[in-house]
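Here the structure comes first, spelled out in structure tokens, and everything after it is commentary.
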Amino acid sequence: MNEIKELCNKLNEKNKKVILYGFGTVGRFLSLHLDSLIGIVDQGINDEDVNKLSLEELSTIDFDLIVITILDEYNQKVIVEKLNQNKVSFEKIFILNESIDIDRNKLLFAEHDRLKGQLDNNELVFNKDGLSIQIQTISHCNAKCYFCPYHGSWHQQNPGRMDDDVFKKIIYSLKSYKITKFCPYLENEPFLDQSLFQKVFFAIDELDIEHIEIATNLSVLTEKNLEDLKRLSKYNHEIRISFHGVDKETYEKVMDLNYEKALKNVKTLVTLMQEIPLNLSIRGSGKPRSSKNSLTSWFGQKEYLEFWDNELKEFDKKPYVDFFTYHDRAGQKQLKSKGATFDIYREDLDNFYCQRFDQWVHFLYTGEPVLCCMDYNRETVLGDSIKNKSFNELFSSPKFTRMLKCASGLKESPDDFICKRCISPGG
């Protein structure tokens with residue numbers, strides 16, 4: 001941490017105008033110590049106090065340096081390419097971990113220490129001024145993505161739909177919280193829930209929500225969906241479309257959905273985007289996060305961007321297109337069975353911290369909370385439902401407290417505890 005502060009001091013001395021690319025754990029820490037910070041490039045920012053910049057704006061802004069705070073080497077290369085495409089010269093790009101060795105968990109020590117204090121004092125760990133939520137309104141998904149553990153999961157084997165009364169009780173339980181991000185999906189395909197937007201608008205009416213995020217494969221799109229999206233466009237939102245492919249062959253190999261239908265639905269929303277302020281992003285993966293194994297690769301970032309450049313060339317307003325590399329969702333056994341594993345393992349969880357512990361809550365369609373969005377097999381389910389207990393009772397229960405202590409290394413955890421297998425803390 002002292003090294004990071006020293007770096008910030010040097011940046012402050014040498015540069016009058018600094019921009020951060022990425023506002024995750026590292027970016028947030030840097031932002032607290034950079035006097036010269038003028039803006040941040042990160043599509044997911046919902047903080048009103050942050051000067052959010054787009055890639056396109058960079059060519060029109062006077063700045064001295066842009067600091068890439070993303071620590072993954074592959075994604076750094078992708079970001080540099082994007083910056084170059086937007087006329088940012090190499091001389092103005094500073095890649096953080098080329099110059100300094102950063103242990104991500106050291107940066108999270110303060111968060112871990114705060115969480116420890118709350119657990120020791122038997123306090124509810126959630127912040128009233130900022131809590132995010134994911135809700136699984138139904139448990140069904142119609143895709144069979146190669147790198148998703150849905151097929152063979154508990155959700156697939158136990159299909160169901162959240163009762164309206166359960167949904168309402170969850171929403172009413174959150175009325176005293178400022179909701180940073182509201183996500184009406186969790187390990188499912190939300191557009192298969194015909195009452196999805198009815199639930200979304202109920203939540204909007206009842207809660208103080210900063211940002212609404214819906215992730216969908218868009219294999220289903222009805223006229224009613226379009227009308228609901230027009231209404232949703234009046235609020236701060238993002239529709240994240242999963243489209244893993246660069247042609248019919250790769251798309252259907254990865255997702256096992258109808259390529260022509262999904263592509264048509266994407267273009268329908270992009271057409272709608274020309275008329276209303278619909279915030280769309282298209283996300284696709286065709287390569288594993290690590291090249292150290294024999295996992296399947298279909299396409300890369302260059303092919304993906306070229307595909308969408310061609311498919312969307314007729315439109316003036318375009319969605320944000322994001323290529324990412326896939327991982328194994330904390331070593332879920334369904335992926336291990338077909339060799340899709342990255343063999344990540346932590347011997348212990350001393351000082352380990354993840355924002356899923358106390359900045360997010362996740363509810364299955366049964367009304368049961370689960371600790372992690374990558375838990376497809378109920379490893380971290382609390383074992384009771386909001387049907388029977390209040391929100392505070394669930395999250396101050398001995399089981400939840402014990403689970404958090406295991407996850408953060410304050411208590412010994414089983415050898416196969418999910419956090420020990422996680423390649424991507426935070427989700």
Side-chain angles (χ1 to χ4, degrees), residues 23-25 28-29 44-49 107-136 162 166-187 202-204 206-213 236 349 351-364 366-375 379-411 418-419 422 425-427:
F23 202 50
T25 301
R28 287 178 186 277
F29 184 87
I45 293 178
N46 303 312
D47 190 337
E48 294 179 357
D49 296 328
L107 296 181
L108 294 171
F109 181 78
E111 296 284 4
H112 178 275
D113 202 40
R114 173 187 53 75
L115 177 63
K116 178 182 182 299
Q118 290 173 312
L119 291 172
D120 287 345
N121 294 323
N122 296 314
E123 298 174 10
L124 201 64
V125 297
F126 304 124
N127 182 358
K128 293 280 186 180
D129 295 326
L131 181 65
S132 295
I133 182 165
Q134 282 187 275
I135 301 181
Q136 181 189 61
M162 181 174 282
V166 172
F167 183 84
K168 288 179 180 179
K169 188 174 181 184
I170 294 171
I171 299 305
Y172 289 141
S173 297
L174 295 168
K175 284 180 76 72
S176 62
Y177 289 86
K178 184 177 184 65
I179 305 302
T180 305
K181 187 176 285 190
F182 180 81
C183 305
Y185 65 89
L186 176 64
E187 301 167 350
F202 175 80
I204 290 172
E206 296 294 331
L207 299 177
D208 179 8
I209 300 175
E210 285 189 5
H211 184 78
I212 300 150
E213 177 184 288
N236 188 16
L349 294 167
N351 296 324
F352 185 79
Y353 175 81
C354 172
Q355 64 180 357
R356 298 285 168 175
F357 297 167
D358 59 350
Q359 296 181 41
W360 284 81
V361 290
H362 314 80
F363 279 95
L364 302 180
T366 57
E368 297 168 289
V370 65
L371 181 65
C372 178
C373 63
M374 293 193 285
D375 179 4
E379 297 175 63
T380 62
V381 72
L382 289 194
D384 213 331
S385 170
I386 202 160
K387 294 177 183 178
N388 311 313
K389 298 284 180 69
S390 70
F391 183 90
N392 285 2
E393 286 173 333
L394 287 171
F395 291 105
S396 60
S397 68
K399 183 166 186 178
F400 181 66
T401 301
R402 185 169 62 253
M403 197 182 300
L404 281 190
K405 286 184 175 181
C406 285
S408 54
L410 301 173
K411 183 179 176 63
I418 192 169
C419 298
C422 181

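Computed from heavy atoms alone, side chains included, the values below leave out hydrogens, waters and symmetry copies.
With sequence neighbours excluded, no residue forms a salt bridge (charged side-chain N to carboxylate O under 4.0 Å, His left out) with Lys169. Residues passing the salt bridge (charged side-chain N to carboxylate O under 4.0 Å, His left out) test with Glu206 are Lys175, sequence neighbours excluded. Checked against side chain to side chain donor-acceptor pair (under 3.5 Å), Glu368 has the following partners two or more places apart in sequence or in another chain: Thr366, Arg378. Partners of Lys389 under the salt bridge (charged side-chain N to carboxylate O under 4.0 Å, His left out) rule, at least two apart in sequence or in another chain, are Asp384. Remark: Lys405 pairs with no residue by the side chain to side chain donor-acceptor pair (under 3.5 Å) rule, at least two apart or across chains. With sequence neighbours left out, Ser408 forms a side chain to side chain donor-acceptor pair (under 3.5 Å) with no residue at all. Remark: Asn122 pairs with no residue by the side chain to side chain donor-acceptor pair (under 3.5 Å) rule, at least two apart or across chains.
For the pair Met374/Cys422, a side-chain contact is recorded, criterion being any heavy-atom separation below 4.5 Å from C-beta on. In this structure the side chain of His112 reaches within 4.5 angstrom of the side chain of Leu410, judged on heavy atoms. Between Phe357 and Cys419, some side-chain heavy-atom pair lies under the 4.5 Å cut-off. Side-chain contact between Phe363 and Ser173: absent, with no pair of heavy atoms (C-beta onward) separated by less than 4.5 Å.
Side-chain atoms of Asp208 never come within 3.5 Å of backbone atoms of Lys178 as a donor-acceptor pair (strictly under, hydrogens ignored). In this structure, Asp375 contributes its side chain and Thr380 its backbone to a donor-acceptor pair below 3.5 Å.
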Enumerate donor-acceptor pairs with a distance under 3.5 Å from any side-chain N or O in residues 390-398 to protein atoms, sequence neighbours excluded.
from	atom 1	to	atom 2	distance (Å)
Ser390	OG	Glu393	N	3.1
Ser390	OG	Glu393	OE1	3.4
Glu393	OE1	Ser390	N	2.9
Ser396	OG	Asn392	O	2.5
Ser397	OG	Leu394	O	2.9
Ser397	OG	Phe400	N	3.2

Could you pull out all donor-acceptor pairs under 3.5 Å where a side-chain atom in residues 128-136 meets a protein atom, sequence neighbours excluded?
from	atom 1	to	atom 2	distance (Å)
Lys128	NZ	Ser176	OG	2.7
Ser132	OG	Lys181	N	3.3
Gln134	OE1	Arg356	NH1	2.9
Gln134	NE2	Tyr185	O	3.3
Gln136	OE1	Tyr365	N	3.0
Gln136	NE2	His155	ND1	3.2
Gln136	NE2	Leu186	O	3.2

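With rounding to the nearest 0.5 Å, the separation of CG in Leu404 from CG in Asp358 is 7.5 Å. The structure places CD1 of Ile212 at 11.5 Å from CD1 of Ile179, a figure rounded to the nearest 0.5 Å. Between atom SG of residue Cys183 and atom CD of residue Glu213 there is a gap of 4.5 Å, rounded to the nearest 0.5 Å. Taking CZ of Arg114 as the reference point, atom CG of Leu119 lies at 9.5 Å (rounded to 0.5 Å). Interatomic distance, Gln118 CD to Asp113 CG, rounded to the nearest 0.5 Å: 10.5 Å. Atoms CG and OG1, from Leu124 and Thr401 in turn, are 9.0 Å apart once rounded to the nearest 0.5 Å.
Taking the six-membered ring for Trp and the full ring otherwise, the centers of Phe202 and Tyr172 sit less than 6.0 Å from each other.
Side-chain contact check for Asn127 and Tyr177: no donor-acceptor pair (N or O, by modelled atom type) lies under 3.5 Å.
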- Task: Please lay out, stage by stage, how Met162 and Leu364 fare under the test side chain to side chain contact (heavy atoms under 4.5 Å, CB included).
- Result: CA-CA 8 Å; Met162 181 174 282; Leu364 302 180; over 6 Å; no
- Apply side chain to side chain contact (heavy atoms under 4.5 Å, CB included) to Phe182 and Ile171, showing your working. CA-CA 11 Å; Phe182 180 81; Ile171 299 305; 3.9 Å; yes
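Nearest approach of Met403 to Val381, heavy atoms of both residues: CE-O, 3.9 Å. Pairing each heavy atom of Phe126 with each of Trp360, the nearest pair is CE2-O, 3.8 Å. A pairwise comparison of heavy atoms in Glu187 and Cys372 identifies OE2-O, 4.2 Å as the closest pair.
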